[in-house]
Amino acid sequence: MPQDAPLTVAVIGAGIVGLCAALEIQRAGHHVILLEPGEPGGRQAASYGNATWINPGAIAPISLPGLWRKVPGFLLDRTGPFTVRWRDLPRHASWLWRFVAAGRDWDRIATCARERYPLCKDTVTDHKAYAGEAGVGHLIRQQGLVYVYPDRAGFVAESRIWSMRRELGVRFSEIEEAELRRLQPELSQHYRFGARLDDAGQIADPGAYCAALARLLEARGAQRVVARATGFTLNGGRLNAISTDQGSIPCDRAVLAAGIGSASLARIAGDQVPLISERGYHVVVPDPGLELGAGLMPSDGQMGVVSTPQGLRLAGQVELADPDAAPDWRRTDILLGYARKMFPEQARRFDAAEVDRWMGNRPSTPDGLPCIGFASGSTDIVHAFGHAHTGLTQGPATGKLVAALIDGHEPPFDPAPYSARRFAR
Ligand SMILES: Cc1cc2nc3c(=O)[nH]c(=O)nc-3n(C[C@H](O)[C@H](O)[C@H](O)COP(=O)(O)OP(=O)(O)OC[C@H]3O[C@@H](n4cnc5c(N)ncnc54)[C@H](O)[C@@H]3O)c2cc1C
């Protein structure tokens, strides 16, 4: 039943997911309180430092059949795209087990891809609309995104995923060597084949974009509160207020969109979610001596390589480790190593002392799907977290689904696959 009176809705977390949810809730006519201890668009959020990709083709989970064979290698090889800190292994073992199990057969992957697609498919259109309203339309670039391989065989080895994309309606083009050279002349001869996701794009500066969305929300009447949520005051399953380190904030509904900070609050709201940080890194080379058209993803480095206003951003790496542990900046050296291999003529520039290094927490569930939907302890609390590698892409669709659940109108797609209760089974 649609709400007939405006509600006061507190959105916990001003990363991309919270901001998109807040915009859609506001659009439905409700009053928004944005609760965030840091600056929206600040370095504390995963939404600041990602690879900038907004990708309708982001349908595949990370765990795929055969991954289990690679896990011992991940534990031993310190220079690959995926690593587990030995000292954190006991704490992450059960998550890792579920992660590997989630990708154990192709039927599961196909189901997961179908469930991820509604969260991805309109991402570029939606972000363009938000960016236009926020006066930062120039931050959205739609030049496609290109996976590059040493040869066609590398692409063929991933053909199952590319076929799933095609079946779902994601457009892509195969790029032969001559065309690849024409598109990106600086790219090393090591890469001789590409596959371009034609309708994908980038948000050139995700931090500036998030800051602009927060300003838009405030201009439209949202109240910003600088505080950290610590719990909920419930009475007979109804929400009275959110407790924070700055006192209690009365509200009718809450959206839990605190990224990696969501697990403890979800527990209070009745859901035990296996959410851990897949830590990721970026490094920005301020004067790389090249400008990329489309963003690139090299098959060996498994990282996003994109031009941004600050320079060339190399973003990737998966490190299973405590979110609060000190960053291991050697991971950014690995990113730089792959970039030197990609652009040998520019390699010298990647040694610049003033590169900017960043580490952030991807909020990750083991099964490749986020948690979106009513909390078990109260239908006044709606979960919106766990978007792992693709939250920038999936933010707008998540926001629309959350707003529909809160406002009581028909959801734009079936929310069942994203229920946090799947982990209680
Ligand atoms: C290296 C890297 C590359 C990536 N590349 C891409 C990409 O190219 N495309 C893509 O789609 N995705 C990408 N991602 C993933 C994407 O960045 C995340 O999925 C997304 O940013 C998650 O958004 P979020 O709003 O859930 O969390 P965050 O952006 O982390 O925001 C959560 C906010 O909640 C606040 N918070 C935490 N606890 C509390 C509390 N108790 N009370 C109030 N506020 C709280 C935090 O301060 C933070 O600002 C990448 C991630 C990384 C690390």
Side-chain angles (χ1 to χ4, degrees), residues 10-22 33-58 62 81 116 119-120 123-124 127 145 200-203 206-207 209-211 213-214 225-231 242-246 249 254-266 268 275 277-283 295 297 302-306 313-319 323 331-332 335 358-365 370-372 383-399:
V11 176
I12 305 172
I16 191 63
V17 175
L19 291 165
C20 292
I33 300 174
L34 195 58
L35 197 60
E36 163 66 58
E39 268 305 303
R43 290 176 81 97
Q44 81 284 356
S47 302
Y48 169 89
N50 50 62
T52 80
W53 288 31
I54 44 176
N55 181 6
I62 301 298
R116 287 174 61 89
L119 293 169
C120 302
T123 183
V124 178
H127 278 302
L145 295 165
Q202 286 171 250
I203 296 176
Y209 178 62
C210 288
L213 296 188
V225 175
V226 182
R228 180 174 296 278
T230 52
I242 295 180
S243 349
T244 81
D245 56 2
Q246 305 297 318
I249 298 183
V255 177
L256 178 50
I260 194 62
S262 303
S264 53
L265 291 165
I268 297 170
L275 187 80
S277 171
E278 286 184 75
R279 303 200 323 172
Y281 290 82
H282 86 210
V283 52
M297 166 83 76
Q302 292 288 309
M303 65 208 225
V305 182
V306 289
R313 181 183 285 198
L314 321 167
Q317 292 284 305
V318 171
E319 180 188 47
R331 316 278 352 143
T332 52
L335 295 171
W358 172 88
M359 187 279 289
N361 295 302
R362 297 183 188 90
S364 299
T365 63
C371 290
I372 311 170
H383 297 317
F385 61 86
H387 295 73
H389 292 246
T390 42
L392 194 64
T393 297
Q394 297 179 339
T398 300

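Everything numeric in this text was worked out from a predicted model, so none of it was measured. Side chains are part of it too, since the values below use all heavy atoms of this structure and drop only hydrogens, waters and symmetry mates. Order of listing sets the numbers, starting from 1, for every ligand and every atom in it.
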For this session: Could you give me the CA-CA distance, side-chain angles and deciding distance for W53 and V306, then say whether side-chain contact (heavy atoms from CB on, under 4.5 Å) is met?
Result: CA-CA 9 Å; W53 288 31; V306 289; 3.5 Å; yes
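- Neither side chain, E278 nor Q317, offers a donor N or O lying under 3.5 Å from an acceptor on the other.
- Some N or O of N50 is nearer than 3.5 Å to an N or O of ligand 1, by distance alone.
- Contacts with ligand 1 closer than 4.0 Å are made by heavy atoms of both the backbone and the side chain of R228.
- Within the 4.5 Å cutoff, side-chain heavy atoms of T244 are placed close to those of L35.
- Ranking the protein heavy atoms by distance from atom 29 (O) of ligand 1 puts S47 OG, 2.5 Å first.
- Among all protein heavy atoms, the one lying closest to atom 30 (O) of ligand 1 is A46 N, 3.0 Å.
- When only interatomic distances are considered, the shortest N/O to N/O separation between A229 and ligand 1 falls below 3.5 Å.
- Every atom of ligand 1 with a heavy atom of T393 under 4.0 Å away is listed here by number and element: 10 (C), 11 (O).
- Protein heavy atom closest to atom 27 (O) of ligand 1, with residue, atom name and distance, is G259 CA, 3.5 Å.
- Ranking protein heavy atoms by distance to atom 52 (C) of ligand 1, first place goes to R362 NE, 3.6 Å.
- Taking only nitrogen or oxygen atoms, main chain and side chain alike, I16 reaches within less than 3.5 Å of ligand 1.
- Of the polar atoms of G280, none of the N or O atoms is found under 3.5 Å from an N or O of ligand 1, judged by distance alone.
- Taking a cut-off of under 4.0 Å to the non-hydrogen atoms of P37, the atoms of ligand 1 that pass are 43 (C), 44 (N), 45 (C).
- Remark: ligand 1 atoms within the under-4.0 Å shell around heavy atoms of L35 are 43 (C), 44 (N).
- With a heavy-atom cut-off of 4.0 Å, H389 touches ligand 1 through its backbone alone.
- Considering both main-chain and side-chain atoms, A51 comes within under 3.5 Å of ligand 1 through a nitrogen or oxygen pair.
- Only backbone heavy atoms of T52 (N, CA, C or O) come within less than 4.0 Å of ligand 1; its side chain stays farther off.
- Taking distance alone, with nitrogen or oxygen atoms compared against 3.5 Å, A384 stays at or beyond that limit from ligand 1.
- Every atom of ligand 1 with a heavy atom of T390 under 4.0 Å away is listed here by number and element: 10 (C), 11 (O), 12 (N), 15 (C).
- Exactly one residue among R43, E39, H282 makes a side-chain hydrogen bond (donor to acceptor under 3.5 Å, both in side chains) with Y48. That residue is R43.
- In this structure, G38 does not count as a contact residue of ligand 1, since none of its heavy atoms falls inside 4.0 Å of the ligand.
- Between G391 and ligand 1, a contact under 3.5 Å exists for at least one N or O pair.
- Atom CD1 of I249 sits about 6.5 Å away from atom CD1 of I242, to the nearest 0.5 Å.
- For H282, the heavy-atom gap to ligand 1 stays at 4.0 angstrom or more.
- Nearest protein heavy-atom neighbour of atom 8 (O) of ligand 1: W53 N, 3.0 Å.
- Considering both main-chain and side-chain atoms, Y281 never comes within under 3.5 Å of ligand 1 through any nitrogen or oxygen pair.
- Taking the centre of each ring, H387 and F385 stay at or above the 6.0 Å mark.
- Smallest separation of non-hydrogen atoms from N50 and R313: O-NH1, 2.6 Å.
- Residue A388 places at least one N or O, backbone or side chain, under 3.5 Å from an N or O of ligand 1.
- For atom 39 (C) of ligand 1, the nearest protein heavy atom (residue, atom name, distance) is A258 CB, 3.7 Å.
- Close approach to I12 involves these atoms of ligand 1, each under 4.0 Å from a residue heavy atom: 42 (N), 43 (C).
- For atom 24 (P) of ligand 1, the closest non-hydrogen atom on the protein side is V17 CG2, 3.9 Å.
- In terms of N/O distances under 3.5 Å, ligand 1 is not approached by Q394.
- Shortest contact from atom 35 (C) of ligand 1 to any protein heavy atom: E36 OE1, 3.2 Å.
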